[in-house]
Amino acid sequence: MASHIILPPDDEEQRQRDEEEDGGQSASEHAPLPFSAMCVRISRDSYPNLRALRNASAVSLADAAYAKISEGDFGYVLDDVPHLADYLPDIPTYPNPLQDHPAYSTVKQYFVNEDDTVPQKVVVQKNSRRGVHFRRAGPRQRVYFESDEVKACIVTCGGLCPGLNTVIRELVCGLSHMYNVNKIYGIQNGYKGFYSSNYLAVTPKTVNDIHKRGGTVLGTSRGGHDTKKIVDNIQDRGINQVYIIGGDGTQKGAYEIYKEIRKRGLKVAVAGVPKTIDNDIAIIDKSFGFDSAVEEAQRAIDSAHVEACSAENGIGLVKLMGRYSGFIAMYATLASRDVDCCLIPESPFYMDGEGGLLQYIEKRLKENKHMVIVVAEGAGQDIIAKSIPSSDQQDASGNKLLLDIGLWLTHKIKDHFKSKKVEMTIKYIDPTYMIRAIPSNASDNVYCTLLAHSAIHGAMAGYSFTVGMVNGRHTYIPFYRVTSTRNKVKITDRMWARLLSSTNQPSFLSQKDIDEAREADRLANKPPLPSGANQSVANAFGQSASSSSNGEI
């Protein structure tokens, strides 16, 4: 029998707030939870390890009310997403209009079974537990919104990324063509547009060819998130479906919006579409726009290779995106096969002395007479900080402003060879904003379409979630799972070993670095446990963590 774990309030004040939110109902008067879950309210006294689990968890007790953990046989754990019926128990349902849609009349079993879930871990052993699962995305037979009542809005936040316009287009067209929704609005210039701009009415006709352009037709910005103002505006305008496209910071904002909506008891679904060109969103296989970015980055590497080959002792240096995660640099390097050295934030390196970067550059130039170096923007920040004072400034999203590793490396390499009186030419290429601004390629266009449609199906079915592909299947993921950790390149995995083999570069790592990397991987792969999870849930989370969506292939 499945169990739905609900953590009691931490103190009397929280209990009173919960009762006020529920219209004065006591805990015993809560309506039954949906999806045939057996409700088990756990006492703090009855579970002695509860406080230890809470302390080890990134999910606070305040968030425990939104965590839905259901257990099944053989170590099965469903990390479910919140639903309108969790706090609006008497909400009516309606037949899905897709059942009468001629385009889908020939599809066998088009609607997703309510019990369908997707495992986080697919590589298992004979005696493995079933582990953590996420709810499968797709259309349901019953929906919680009538087409005529839907009033949807779409917003894009954060930096640019290939595919933003495609997601916008497919959200508009999907809502209109699949569910006959005709009240769709664009929020201009990010979160602040909710309360500082007029809403822009959008139709399939107005977004017809925007997928052929880079950027976002709605505009974007960093920061500007004021939860109360945003939800006030959503409530005043009668919006009941909110589609939010952005990175982990944006998804954190979406989570706060959902919690305020739930606190007010509004019939509003919040659907997040994760976006990051760095591909560092946790849980999901990859971010939309990543394939396009790697493809364009490879063109910059090709140019650097041509420049390097055309000069005596020529060096082509390319700086790519990757504030905390070096996925673009790694994959572009592997795709190119012309790169002699790839530097990423996850793998420390040093410049001088035996086995250092400068010695390796000398060696490669003697052997090949030219060299190509790829560096991610977040690499080597600790080295630069030793020679250039850091101001610790942040952008509007709270991200630390990085020092320019590409420019710094260029000067260091020039000075080194000048001191040795060796002639060399170095060309520094920074295609960062060119890559961000391109339209998405064919692969990403298809991916964006599927993400948008999955988001629509989930919102119509009453869920609030972040949508993403996990092990090749589209799923609905709790907000806290994609915002509490970040995917990083595992330098202890085979993919990084493949890169080192391809470039023939030294790893620059001491045994201490390797041990620290392994420990960091272990901690990073330990997902945040929802407070109140019992030991079997903890075990399932731990086992599923051993497989990362961006991990070893």
Undergrad: Evaluate the side chain to side chain contact (heavy atoms under 4.5 Å, CB included) criterion for residues Tyr331 and Ile328: first the C-alpha distance (whole Å), next the side-chain angles of each, then the deciding distance (0.1 Å), finally the verdict.
TA: CA-CA 5 Å; Tyr331 277 83; Ile328 290 180; over 6 Å; no
Undergrad: Taking the six-membered ring for Trp and the single ring otherwise, decide whether the centroids of Tyr66 and Phe479 are under 6.0 Å apart.
TA: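 No; Phe479 has its ring centre 6.0 Å or more from that of Tyr66.
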Undergrad: Is the shortest distance from a Lys or Arg side-chain nitrogen in Asp278 or Arg323 to a carboxylate oxygen in the other one below 4.0 Å?
TA: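 No.
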Undergrad: When you check the side-chain N and O atoms of Ser336 and Gln298, is any donor under 3.5 Å from an acceptor?
TA: no
Undergrad: Using atom types as modelled and distance alone, determine if a side-chain donor or acceptor of His83 lies under 3.5 Å from a backbone N or O of Ala461.
TA: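 Looks like yes, one N/O pair under 3.5 Å.
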Undergrad: Test side chain to side chain contact (heavy atoms under 4.5 Å, CB included) on Leu320 and Phe327 and set out the steps.
TA: CA-CA 10 Å; Leu320 298 175; Phe327 287 108; over 6 Å; no
Undergrad: Are His211 and Val167 side-chain neighbours, meaning at least one heavy-atom pair lies under 4.5 Å?
TA: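 They are not in side-chain contact.
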Undergrad: Quiz question: by atom type and distance under 3.5 Å, do the side chains of Thr483 and Asp248 form a donor-acceptor pair?
TA: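 Asp248 and Thr483 do not have a side-chain donor-acceptor pair below 3.5 Å.
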Undergrad: Report yes or no: is the cationic atom of Arg486 (NZ for Lys, CZ for Arg) closer than 6.0 Å to the six-membered ring centre of Tyr324, at no more than 45° off its axis?
TA: yes
Undergrad: Under 3.5 Å, is there a donor on one side chain and an acceptor on the other for Asn189 and Ser221?
TA: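 Looking only at side-chain atoms, Ser221 and Asn189 do not form any donor-acceptor pair under 3.5 Å.
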Undergrad: Check ring pair (Phe, Tyr, Trp, His ring centres under 6.0 Å) between Phe465 and all other residues, then give those that pass, not counting sequence neighbours.
TA: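 If we apply the ring pair (Phe, Tyr, Trp, His ring centres under 6.0 Å) test to Phe465, skipping adjacent residues, the hits are Tyr476.
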Undergrad: Backbone N or O of Ala497 within a donor-acceptor pair of the Ser501 side chain at under 3.5 Å?
TA: no
Undergrad: Tell me, do Arg136 and His474 make a side-chain contact under 4.5 Å, heavy atoms counted?
TA: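 The answer is no; the side chains never approach within 4.5 Å.
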Undergrad: Calculate, to the nearest 0.5 Å, the distance between atoms CG and CD belonging to Asn487 and Glu346 respectively.
TA: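 Atom-to-atom, Asn487:CG and Glu346:CD are 10.0 Å apart.
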Undergrad: If you define the side chain from C-beta out and look only at heavy atoms, does anything of Ile187 sit under 4.5 Å from Ile154?
TA: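 Heavy-atom side-chain distance check fails, nothing below 4.5 Å.
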Undergrad: Scan side-chain atoms only and decide if Tyr258 and Glu256 contain a donor-acceptor pair under the 3.5 Å cut-off.
TA: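 Tyr258 vs Glu256: no donor-acceptor pair found between side chains.
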Undergrad: Taking Lys68 first and then Asp79, would you say they form a salt bridge - that is, a charged N and a carboxylate O separated by under 4.0 Å?
TA: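 No, this pair does not count.
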Undergrad: Quick check: do Pro119 and His133 have side-chain heavy atoms less than 4.5 Å from each other?
TA: yes
Undergrad: Looking at Phe290, is its backbone amide N or carbonyl O close enough to the side chain of Asn279 to form a donor-acceptor pair, meaning the two atoms are under 3.5 Å apart?
TA: no
Undergrad: If you compare all heavy atoms of Ile283 against all heavy atoms of Arg481, which two are closest, and at what distance to 0.1 Å?
TA: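 So the two residues come closest at CD1-NH2, 3.4 Å.
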Undergrad: My understanding is that only one of Val118, Ile284, Val467, Thr466 makes a side chain to side chain contact (heavy atoms under 4.5 Å, CB included) with Thr475; could you say which?
TA: Val118
Undergrad: Between Pro139 and Val112, is any pair of side-chain heavy atoms under 4.5 Å apart?
TA: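 The answer is yes; the side chains approach within 4.5 Å.
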Undergrad: Could you please spell out the steps behind the side chain to side chain contact (heavy atoms under 4.5 Å, CB included) verdict for Met460 and Tyr144?
TA: CA-CA 6 Å; Met460 291 296 297; Tyr144 285 75; over 6 Å; no
Undergrad: For the residue pair Leu218 and Gly186, what are the closest heavy atoms and their distance?
TA: CD2-CA, 3.7 Å
Undergrad: Check whether any side-chain heavy atom of Tyr179 lies under 4.5 Å from a side-chain heavy atom of Ile456, and answer yes or no.
TA: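 Tyr179 reaches Ile456 side chain to side chain.
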Undergrad: Going by the side chain to side chain donor-acceptor pair (under 3.5 Å) test, name the single residue among Thr117, Asp80, Asp116 that passes it with Arg135.
TA: Asp80
Undergrad: Checking side-chain polar atoms at under 3.5 Å, does Asn441 have a donor or acceptor matched by the opposite partner on Glu295?
TA: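 Distance-only check passes for Asn441 and Glu295.
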Undergrad: For Ala329 and Val374, work out which heavy atoms get closest and say how close.
TA: CB-CG1, 3.9 Å
Undergrad: Quick one: closest heavy-atom pair of Leu402 and Glu377, and the distance?
TA: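 Looking at all heavy atoms of both residues, the closest pair is CD1-O, 3.7 Å.
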Undergrad: Please report the interatomic distance OG1(Thr216) to CG(Asn165), rounded to the nearest 0.5 Å.
TA: 5.5 Å
Undergrad: Give, for atom CZ of Phe194 and atom OG1 of Thr227, the distance between the pair rounded to the nearest 0.5 Å.
TA: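 The distance works out to 11.0 Å.
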Undergrad: Taking Lys488 first and then Asp280, would you say they form a salt bridge - that is, a charged N and a carboxylate O separated by under 4.0 Å?
TA: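 Not counted as a salt bridge, because no side-chain N and carboxylate O are separated by less than 4.0 Å.
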Undergrad: Regarding Ser128 and Gln125, do their side chains bring together a donor and an acceptor under 3.5 Å, going by distance alone?
TA: yes
Undergrad: Rounded to the nearest 0.5 Å, what's the gap from OG1 on Thr432 to CG on Leu160? Could you check?
TA: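 It comes to 12.5 Å.
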Undergrad: Measure the spacing between CG of Leu499 and OG1 of Thr503 and express it to the nearest 0.5 Å.
TA: 5.0 Å
Undergrad: Are Ile257 and Glu260 side-chain neighbours, meaning at least one heavy-atom pair lies under 4.5 Å?
TA: no
Undergrad: How far does CZ of Arg140 sit from CG of Leu98, to the nearest 0.5 angstrom?
TA: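 Spacing of CZ (Arg140) from CG (Leu98) equals 12.5 Å.
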Undergrad: Has the side chain of Asp493 got a donor or acceptor atom that lies under 3.5 Å from a matching backbone atom of Met495?
TA: no
Undergrad: Under 6.0 Å between the ring centres of Phe288 and Tyr447?
TA: no
Undergrad: Check Cys161 against Lys275 and note the closest heavy-atom contact, atom names and distance.
TA: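 Looks like CB-CD, 3.5 Å.
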Undergrad: Mind checking salt bridge (charged side-chain N to carboxylate O under 4.0 Å, His left out) for Lys267 and listing every partner two or more places apart, or none if nothing turns up?
TA: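 Counting only residues at least two positions away or on another chain, Lys267 forms a salt bridge (charged side-chain N to carboxylate O under 4.0 Å, His left out) with Glu149.
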Undergrad: Please walk me through it: do Asp291 and Ser443 pass side-chain hydrogen bond (donor to acceptor under 3.5 Å, both in side chains)?
TA: CA-CA 7 Å; Asp291 285 349; Ser443 172; 3.2 Å; yes
Undergrad: Determine whether Asn471 and Arg473 make a side-chain contact, defined as any pair of heavy atoms from C-beta on separated by less than 4.5 Å.
TA: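 Side chain of Asn471 against side chain of Arg473, heavy atoms only: no contact under 4.5 Å found.
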Undergrad: Would you mind checking if Lys192 and Asp226 are paired as a salt bridge, meaning a charged N to carboxylate O distance below 4.0 Å?
TA: no
Undergrad: Indicate the atoms forming the closest heavy-atom contact of Ser440 with Ser292, along with that distance.
TA: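 The answer is CA-OG, 3.3 Å.
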Undergrad: Whether the side chain of Gln251 engages the backbone of Gly246 through a donor-acceptor N/O pair (distance < 3.5 Å, no angle test) should be reported.
TA: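 Yes; at least one donor-acceptor contact below 3.5 Å.
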Undergrad: Apply ring pair (Phe, Tyr, Trp, His ring centres under 6.0 Å) to His225 and list each qualifying residue two or more places apart in sequence or on a separate chain.
TA: Tyr191
Undergrad: Measure from the side-chain N and O atoms of Ser502 to the backbone N and O of Arg498, and report whether any donor-acceptor pair falls under 3.5 Å.
TA: no
Undergrad: Applying side chain to side chain contact (heavy atoms under 4.5 Å, CB included) to Ile344 and Ser347, what does each step give before you reach the verdict?
TA: CA-CA 6 Å; Ile344 61 173; Ser347 183; 4.0 Å; yes
